[in-house]
Amino acid sequence: MISADRLPRQFFDRPTLTVARQLLGTRLVRLEDGQRLSGIITEAEAYISKADLGCHAHVGRTPRTQVMYGPPGHAYVYFTYGMHWCLNFVTEQEGFPAAVLIRAIYPMEGLETIAARRAPQPPALWTNGPAKITKALNIHRLHNGLDLCDPQSEIFVEIGESIPDECVTNGPRVGLNTVPEPWKSKPWRFLVHDLPLNRTRQASP
DNA sequence: AGCACGATTAACT
DNA sequence: GTTAATCGTGCTC
């Protein structure tokens, strides 16, 4: 495959759990100065509605969350822990706040650029975390609200390989330590455990 | 104007 | 397993 079309808006205009699962195996592309940086999406989490206490939109419509209330197919990029940016894709119809957090990709293009930004970490640790992806691909504040379906946008998603269910694990979302049940345990995290150089978080002893 | 906290990461014991 | 780094966000005063 040389190149593929961007995923259309209707891909994102579906139930968030469907979008999160279907994003696995697709290719996240970042155009930077004409160069393609990309990777296969291997981990994603769903954040669904104002009722979901793990979702930023649980506080309602604010300057920060308004992108999630907007139309599907846009980037929601938020800042956290005083130093990290994280990339999400807005899902479902306008007015319904929901998004999918991209937690891991398998680097495919622009490896030298990615390596330089992630040095001195080894390749397996380049993009196996949401803030690692944004650092590797130089995604930040200015990309918040960007339309992934606009033919001109510098961030988009391409059709990739189909990932069979046997290769997908799902479980509770990461990092919701102080979020009350049942939201803390909703199995809304999807991850591929079977790509060539799959990276997963360190297992506890 | 001030405060507590976080959809994380990397380095350390 | 533990912890520091670091600041936007939303809430209270």
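These numbers come from the heavy atoms of this one structure, side chains and all, not from hydrogens, waters or symmetry mates. Keep in mind the model is a prediction, meaning the values are calculated, not measured. Below, chains carry the letters A, B, ... as their sequence lines are ordered, and counting in each starts from 1.
- Of all heavy-atom pairs spanning A:I114 and A:P107, the tightest one is CD1-CB, 4.3 Å.
- Within the 4.0 Å cut-off from OP1 or OP2 of B:dG6, at least one side-chain nitrogen or oxygen of A:T178 is found.
- Taking the charged nitrogens against the carboxylate oxygens, A:K132 and A:E43 have no contact shorter than 4.0 Å, which rules out a salt bridge.
- Out of B:dT9, B:dG6, B:dA7, the shortest distance to the side chain of A:A131 is found at B:dT9.
- The two residues A:V59 and A:T65 come nearest to each other via the heavy atoms CG2-CG2, 4.2 Å.
- Helical stems involving DNA chain C, defined as 3 or more consecutive Watson-Crick or G-U pairs under 3.5 Å, span B:1-6 with C:7-12, B:8-12 with C:1-5.
- Note on A:G175: only backbone sugar-phosphate atoms sit closer than 4.0 angstrom, heavy atoms only; bases stay farther off.
- Nearest nucleotide to the side chain of A:K132, out of B:dT8, B:dA7, B:dA10: B:dA10.
- For the pair A:P97 and A:A57, the tightest heavy-atom approach, listed with the atom from each and the gap, is CB-CB, 3.5 Å.
- Atom-to-atom, OH of A:Y76 to C1' of C:dG8 comes out at 11 Å; the value is rounded to the nearest Å.
- In this structure, the CZ atom of A:R118 is 8 Å from the P atom of B:dT9, given to the nearest Å.
- Spacing between atom CG of A:D52 and atom C1' of B:dA7 amounts to 10 Å, rounded to whole angstrom units.
- Atom CG of residue A:N138 and atom OG1 of residue A:T113 lie 10.0 Å apart, to the nearest 0.5 angstrom.
- Phosphate proximity of C:dG8 to A:R141: absent, as no side-chain N or O sits under 4.0 Å from OP1 or OP2.
- Using a 4.0 Å cutoff on non-hydrogen atoms, the parts of residues 82-102 of chain A near DNA chain B are A:G82, A:H84, A:N88, A:L101, ordered by number.
- The side chain to side chain donor-acceptor pair (under 3.5 Å) contacts involving residues 13-24 of chain A comprise A:T16-A:T91, A:T16-A:E92, A:R21-A:D165, where partners must be two or more places apart or lie in separate chains.
- Under a 4.0 Å N-O distance rule, the pair A:R30/A:E154 qualifies as a salt bridge.
- Side chain A:Y81 to base C:dA5: no donor-acceptor pair is found below 3.5 Å.
- Of the two residues near DNA chain B, A:V179 and A:K135, the one whose nearest nucleotide lies more 5' is A:V179.
- For the pair A:L176 CG and B:dC5 P, the computed distance is 17 Å after rounding to whole Å.
- Closest of all the heavy-atom pairs between A:R36 and A:R27 is NH2-CD, 3.9 Å.
- We find that CD of A:Q66 is positioned 15 Å from C1' of C:dG8, with the value rounded to whole Å.
- The side chain to side chain donor-acceptor pair (under 3.5 Å) pairs that include a residue from residues 52-61 of chain A are A:D52-A:R173, A:H56-A:Y76, where partners are two or more places apart or lie in different chains.
- Separating the CG atom of A:L142 from the P atom of C:dG8 is a distance of 14 Å, rounded to the nearest angstrom.
- Hydrophobic clustering, with ILVMFWY side chains joined whenever heavy atoms are under 4.5 angstrom apart, keeps A:L53 apart from A:Y69.
- Judged as a ring-ring contact (aromatic ring centres under 6.0 Å, His included), the pairs with a partner in residues 139-171 of chain A (not counting sequence neighbours) are, in order, A:H140-A:H143.
- Both geometric conditions, a ring-centre gap below 5.5 Å and a plane tilt below 30°, are fulfilled for A:Y47 over the base of B:dA7.
- How far CH2 of A:W85 is from OG1 of A:T80: 10.5 Å, rounded to the nearest 0.5 Å.
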Heteroatom pairs (N/O) under 3.5 angstrom, protein to nucleotides 9-13 of chain C:
| residue | atom | partner | partner atom | Å |
| --- | --- | --- | --- | --- |
| C:dG10 | OP1 | A:T62 | OG1 | 2.3 |

